[in-house]
Amino acid sequence: MLLAAHWTGNVDPVAFTIGDIEIAWYGIIITCAMLTGLIVAILRGKKQGLVVDDFVEIFLIAIPLAIIGARIGYVMVRPEYFPSDFTWDDFVNVIAVWDGGLTIMTGVPFGILGGAIWCKIRKVNLLDLADVIVPVVLLSQGLGRWGNFCNQEIFGPEITDPALQWFPLAVYINRLGGFYQALFFYEMVLDIAFFAAMMIIQRHLKLRGSGLLMYAFSYGLIRFVMEFFRDDGDIYAVFNYTQVISIIVAIAALAILIALIVVKKKKGEKIWYGKGGIPDDEKVKFHPYHRPQKKAADK
């Protein structure tokens, strides 16, 4: 086996095998990214009355739906997954999320649907829950981009200047035999930067739905910008529907957020808290009545 010209091209996408089953780094990294998001969400929700059991329930409902939605969005625009003589092997290829191929644009709505189901069961306001959890999704997405690195996905135009052929500016793509912009890394940095900005803003801004709207604006803007640089032979190079949807979502989310702030301020409601952030007694509290109460010990 010939080695690539740079270490970024020598990463084996398969972490290990169990019998005939290959376990890809992509799946491991995505799983770790989701677990990291879960831990951060638990820490964020603790002061508002949410407990670990709540998040585990949400996780078990929302994550499978998000993965299904993300895979559907990926394969439905790729006719090569559906040949005329569709066989069992083709079906396995359609559902093979472990090999990569997830579309976040369709995954997030399905995940929110899972959260809505939990809120309906537990009698919790969906927007309040979204303000806690949805911003964390951006952190998980950023960390999950390392899975794309292992699969040699998400890269930009070729870099031919030897002086610029270094990581994290560039990655070596084996199948193309050259260095390309490390777009996966750029997006990871932007995801984490916008996540940090949302955490700072939410510390001071008390506005129901702000977390969901800021996420929609942030990721919509990031995807819109990143799509200008993609050069990995994806369908977007031919028909960039994702870019159009992304900027529409970003503009709509920002417009709604600004409108809500203006309306609240006209009503004289306090929505921005300065130094120290929102006091604990002013934060949204999730009612614990949906949880079974512990029985007092018999005397």
Side-chain angles (χ1 to χ4, degrees), residues 1-2 4 9 11-31 33-34 61-114 117 137 141 144-158 171-178 180-181 183-184 187 219-220 223-224 226-249:
M1 176 180 169
L2 294 176
V11 178
D12 189 342
V14 178
F16 57 89
T17 59
I18 302 176
D20 295 330
I21 301 175
E22 294 183 341
I23 306 300
W25 278 116
Y26 181 90
I28 294 173
I29 291 172
I30 292 296
T31 300
M34 290 190 295
I61 298 173
I63 295 302
L65 285 175
I67 293 174
I68 291 171
R71 187 60 177 176
I72 289 174
Y74 183 83
V75 302
M76 289 304 293
V77 295
R78 290 169 172 80
E80 63 270 21
Y81 280 92
F82 303 95
S84 56
D85 55 341
F86 195 81
T87 65
W88 173 255
D89 289 339
D90 293 317
F91 173 74
V92 173
N93 192 36
V94 166
I95 64 173
V97 296
W98 49 88
D99 289 333
L102 298 173
T103 298
I104 296 171
M105 296 294 290
T106 53
V108 171
F110 273 69
I112 293 175
L113 173 61
I117 293 172
V137 174
Q141 289 173 198
R145 281 306 182 197
W146 285 98
N148 298 120
F149 165 70
C150 293
N151 280 356
Q152 295 214 306
E153 302 169 330
I154 316 296
F155 53 86
E158 185 176 10
V171 289
Y172 189 86
I173 304 300
N174 259 338
R175 66 181 181 274
L176 300 178
Y180 292 77
Q181 290 181 2
L183 210 60
F184 87 92
E187 184 169 327
Y219 191 63
R223 283 303 296 269
F224 175 73
M226 288 294 99
E227 291 297 326
F228 281 113
F229 300 96
R230 285 192 66 161
D231 193 37
D232 53 2
D234 205 285
I235 190 172
Y236 307 130
V238 179
F239 180 56
N240 202 336
Y241 70 95
T242 300
Q243 197 169 30
V244 175
I245 295 174
S246 295
I247 194 60
I248 291 174
V249 168

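Hydrogens, waters and symmetry mates are skipped; everything else that's a heavy atom, side chains included, is used.
For the residue pair Ala62 and Gly111, the shortest heavy atom distance occurs at CB-O, 3.5 Å. Of all the heavy atoms in Gly144 and Ala33, the pair that sits closest is N-CB, 3.7 Å. For the residue pair Thr31 and Gly27, the shortest heavy atom distance occurs at OG1-O, 2.8 Å. Annotation for Val14 and Thr17: closest pair CG1-CG2, 4.2 Å, computed over non-hydrogen atoms. Residue Leu183 comes nearest to Gly156 through the heavy atom pair CB-N, 3.9 Å, listed as atom of the first residue, atom of the second, then distance. Scanning both residues, Ser246 and Arg223, for their nearest heavy atoms gives OG-CB, 3.4 Å.
Side-chain contact between Phe16 and Ile28 is present, with at least one heavy-atom pair separated by less than 4.5 Å. Taking the side chain as every heavy atom from C-beta outward, Leu65 and Ile117 approach each other to under 4.5 Å. Counting heavy atoms from C-beta outward, Thr106 and Ile72 have side chains that stay 4.5 Å or more apart. Put simply, the side chain of Val171 reaches to within 4.5 Å of the side chain of Phe184, judged on heavy atoms. Within the 4.5 Å cutoff, side-chain heavy atoms of Val108 are placed close to those of Gln141. For the pair Tyr26/Asn148, a side-chain contact is recorded, criterion being any heavy-atom separation below 4.5 Å from C-beta on. Side-chain contact check for Tyr74 versus Tyr81: some heavy-atom pair is nearer than 4.5 Å.
Atom CZ of Phe91 has 12 or fewer neighbouring heavy atoms from other residues, nucleotides or ligands inside a 6.0 Å radius. Enclosure of atom CH2 in Trp25 is not indicated, since only 12 or fewer non-hydrogen atoms of other residues, nucleotides or ligands lie within 6.0 angstrom. Atom CG of Asp85 is surrounded by more than 12 heavy atoms from other residues, nucleotides or ligands within 6.0 Å.
In this structure, the separation between CD1 on Ile67 and CZ on Arg71 is 11.5 Å, given to the nearest 0.5 Å. Between atom CH2 of residue Trp146 and atom CD1 of residue Ile29 there is a gap of 8.5 Å, rounded to the nearest 0.5 Å. Rounded to the nearest 0.5 angstrom, Ile30 CD1 and Arg145 CZ are separated by 8.0 Å. Here the straight-line distance linking atom CD of Glu187 with atom CE of Met226 works out to 6.5 Å at 0.5 Å rounding. Interatomic distance, CD of Glu227 versus CD1 of Ile247, reported as 12.0 Å (0.5 Å rounding).
Side chain of Gln152 to main chain of Asn174: a donor-acceptor pair is present (N/O by atom type, distance under 3.5 Å, no hydrogens or angles). In terms of modelled atom types and a separation under 3.5 Å, the side chain of Asn93 and the main chain of Asp90 share no donor-acceptor contact.
Under the ring pair (Phe, Tyr, Trp, His ring centres under 6.0 Å) rule, Phe155 has a single partner from Tyr172, Phe149, Tyr180, which is Tyr180.
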